[in-house]
Amino acid sequence: MKRFLGVTALLALGAPQAASPARAFDFFGLFGAAEETPEPSSDALPYRIEFAGLDEAEGLARNLQDVSSAWRLRLQAPPTGAGLARRVVADFPKLAEALWASGYYDAEIRATVAGVPVRPDGHGADAAAAAAERLRGQALAPIRIEITPGPLFRLRKVALLDARSGQPLDEALLTKKSLERDPEQPARAAALQSMQAGWIDALRANSYPLAKVTTAKPTIIHPEKAMDVVVTIDPGPRAGIGEVRTSGSPGIDPDVIRSYIYLEQGEPYSPKKLAELRKSIGRLEAVGSVKAEDGEKLDANGNLPIFVQTAERKRHAVGADAFFSNVDGPGLRAYWTDRNLFGGAERLRFDVEGGLAPFGSSATYNGLSSIRLNDVIGRAKASFVKPALFGSRNDLLLDAGFVREKTDYYWAYYGNGSAAIRHRFSDTASVQAGLEFERGHTFDAFGPHDYSLLGFPLSANYDGTDDLLAPTNGFRAIANVTPYVKAFGDSVGMVQSKTQISGYKSLDEDGWYVLAGRVAAGSIVGASIEDIPASHRFFAGGGGSVRGYRYRSLSPDAGLGFPVGGRSLLEGSAEARIKVTRDIGIVPFYDIGSAFSSPFPDFQSSMRSSVGIGLRYYTGIGPVRLDLATPLGRRPGENKFAIFIGVGESF
């Protein structure tokens, strides 16, 4: 039996592309759940089957049951004893392959049908069939398959050969990680296949896109309970990126899609660049899915063509969400968008957000009847994006909006509009320049203030994170500066700037443990605090700032006893994002920040901080967030804790 087992397993391991046995799903209770017990029959030979000897081999029983026809068909009785015996005989090579694939190379298989032994070569099958026939209509025919697994063999030596020369493969072509392995690793087919996949991935990442395993030859060393294997790999030629061809999405101008492809012909090939290509094209809201595949052979220049296929999303979309904080008040958001207005992936979007002013600046809420119109705050915005102007990497951005804002310390309403050109250097970096006009009215400690602003905003953006909604690695940075000029009688001349950097580091491969941090700083120069519109001054506090404090409540008081806003800002946050399950996570966090009366942080105002714990429910469109925070060094009038509920991470 061992000799037969060795032959079948050698054939199984010698095929590098062979897949490991598929694991069946127990939808119908076939493995351990209650199932209907067959009854003796005069028309067929129902049977019962058991596997014995597998108590100490974890998971092996399920593997053997998966490949056994006699087990899987046990509720479908054969009509004759001969058919029953044939099922058992046919199972021997399948069970042998499963045992070898699991690392048991000295295993033994014995089977009986109605108490009669049956051998792999069919010996005993006729006697077993006759014994089973004698039970027809009286009892279930018993089948017993007894396995003696023997010791679990380990994978001892692995040699890699270059198919082109027959010599050892240059390990410099691979990565250190792909060559690492546990010396006590079980000699399982799945382990060898995983290693092969790792070597091919490393070669592809090193610009060998046609690399493949040609042979894998194992040698079993029974006295040492080990296996050595020689794997031959054909790296193929080193290649660059070839012509990128696009298809699909007939409703979108192909020049627009091509403008989001940042690959250059001849640059070194790597799967990472294809992943970045899919990500960059996916930033077009009109595109629903992106597939990027390698060509089958190199072109005349030794480059590999790339084929990109896209699919369009539904043209229109609507959405809404709610948010709440016990210190900032409740609110609702809704939007409508057209993702492909004129066939060039132009995006037109309308956003509306409404809520109630923070509780501290309005009467106590006792139901809907207590809400006053004066308590309602919100904003309305229309935005239009024309990507890839004339097929270039320049985008046109138009925005217009109206805002009504109310805090404990000021209220304001204003309208603004802007036009800008954004240039994309790559999928991760861009710059933007434009024109902005704002007209509004504020009322605060310095009295009423009508103002106009004419500015020329400039910004730079970098996003090297691995995910837009829930990043686990990389960092983001955005910096903007806007000079405002005195073009009108009530306009303000100043230069306003703000920079924010956030970073993310996963402590494991699956992103279940992520450290996240954020630092933000802002400055206004060229105008006194009383001339700066209250809505443009810097404040800290609130759900997206220093949690635990009311919205825009942390700033200098100019000697008035309450915040009036500052000319500079400094904030920071640190979070540990820990998944408890795939859908649920907890987030302990620490926030710190303040605004300052000087144009640059001088720390004359004390930095305020808070700590808290968050709960996350992860969905396909981003996490649902609940944060509970408490101020550190709480002062009279400040809340003991603050609750924030919304959609998306805090940063």
Novice: By side chain to side chain donor-acceptor pair (under 3.5 Å), which residues pair with D602, not counting sequence neighbours?
Specialist: S598
Novice: In residues 491-499, what donor-acceptor pairs under 3.5 Å come from side-chain atoms, sequence neighbours left out?
Specialist:
residue	atom	partner	partner atom	Å
S491	OG	A487	N	3.1
S491	OG	F488	N	3.0
S491	OG	F488	O	2.7
Q496	OE1	H536	ND1	3.0
Q496	NE2	H536	O	3.1

Novice: Please check if atom CZ in F390 has more than 12 non-hydrogen atoms from other residues, nucleotides or ligands closer than 6.0 Å.
Specialist: no
Novice: By side chain to side chain donor-acceptor pair (under 3.5 Å), which residues pair with R278, not counting sequence neighbours?
Specialist: none
Novice: Could you name each residue pair satisfying salt bridge (charged side-chain N to carboxylate O under 4.0 Å, His left out) that touches residues 309-322, not counting sequence neighbours?
Specialist: R315-D338, D321-R333
Novice: Distance under 6.0 Å and angle within 45° of the ring axis: does K381 meet both against F350?
Specialist: no
Novice: For R339, what residues pass the salt bridge (charged side-chain N to carboxylate O under 4.0 Å, His left out) criterion, not counting sequence neighbours?
Specialist: none
Novice: Kindly indicate, with the supporting measurements, whether the criterion side chain to side chain contact (heavy atoms under 4.5 Å, CB included) is fulfilled by I281 and I257.
Specialist: CA-CA 7 Å; I281 296 178; I257 294 177; 4.2 Å; yes
Novice: I'd like to know if the side chain of R537 reaches the main chain of I532, judged simply by a donor and an acceptor atom lying under 3.5 Å from each other, with no hydrogens or angles considered.
Specialist: yes
Novice: Run the side chain to side chain donor-acceptor pair (under 3.5 Å) test against E267 and tell me which residues pass, sequence neighbours left out.
Specialist: K273
Novice: How long is the span from the OH atom in Y618 to the CG atom in D583, to the nearest 0.5 Å?
Specialist: 10.0 Å
Novice: Which pairs, with at least one residue in residues 426-438 and sequence neighbours excluded, count as a salt bridge (charged side-chain N to carboxylate O under 4.0 Å, His left out)?
Specialist: R283-D427
Novice: Using the ring pair (Phe, Tyr, Trp, His ring centres under 6.0 Å) rule, collect all pairs that involve residues 497-523, keeping only residues at least two apart or in two chains.
Specialist: none
Novice: Grab the two heavy atoms, one from G548 and one from A629, that are nearest each other, plus how far apart they are.
Specialist: N-CB, 3.6 Å
Novice: List the residues meeting ring-ring contact (aromatic ring centres under 6.0 Å, His included) with Y413, not counting sequence neighbours, and say none if there are none.
Specialist: W411, H441
Novice: Is the distance between the ring centroids of Y410 and F539 under 6.0 Å?
Specialist: yes
Novice: Is R547 positioned over the aromatic face of F644, cation under 6.0 angstrom from the ring centre and no more than 45 degrees off axis?
Specialist: no
Novice: Would you say S555's side chain and G565's backbone share a donor-acceptor pair under 3.5 angstrom?
Specialist: yes
Novice: Could you tell me which non-hydrogen atom of G593 sits nearest to which non-hydrogen atom of V546, and how far apart they are?
Specialist: N-CG2, 3.6 Å
Novice: I need the F425 CZ to Y262 OH distance, nearest 0.5 Å.
Specialist: 11.0 Å
Novice: Can the positive tip of R608 be found less than 6.0 Å from the middle of the six-membered ring of Y549, inside 45° of the ring normal?
Specialist: no
Novice: Considering all heavy atoms of both residues, which atom of G543 and which atom of R625 are nearest to each other, and what is their separation?
Specialist: O-NH1, 3.7 Å
Novice: With sequence neighbours excluded, what pairs up with K291 under the salt bridge (charged side-chain N to carboxylate O under 4.0 Å, His left out) test?
Specialist: E293
Novice: Assess, by modelled atom type and distance only, whether the side chains of R424 and S259 contain a donor and an acceptor separated by less than 3.5 Å.
Specialist: yes
Novice: Who are the side chain to side chain donor-acceptor pair (under 3.5 Å) partners of S573, not counting sequence neighbours?
Specialist: R518, D591
Novice: On a heavy-atom basis, which atom in E346 and which in G344 lie closest, and how many Å separate them?
Specialist: OE1-N, 2.8 Å
Novice: Measure the CG-OH distance between L454 and Y484 for me, rounded to the nearest 0.5 Å.
Specialist: 9.5 Å
Novice: Run the salt bridge (charged side-chain N to carboxylate O under 4.0 Å, His left out) check on E649 and R616 step by step: do they pass?
Specialist: CA-CA 9 Å; E649 294 287 6; R616 302 289 185 270; 2.9 Å; yes
Novice: Test of understanding: with salt bridge (charged side-chain N to carboxylate O under 4.0 Å, His left out), list the residues that count as partners of R245, not counting sequence neighbours.
Specialist: E243
Novice: Which heavy atom of A527 sits nearest a heavy atom of R567, and at what distance?
Specialist: O-NH1, 3.2 Å
Novice: Any side-chain to backbone donor/acceptor pair from R422 onto N394? Under 3.5 Å, distance only.
Specialist: no
Novice: Taking side chain to side chain donor-acceptor pair (under 3.5 Å) as the criterion, tell me which of D466, D467, D508 meets it with T472.
Specialist: D466
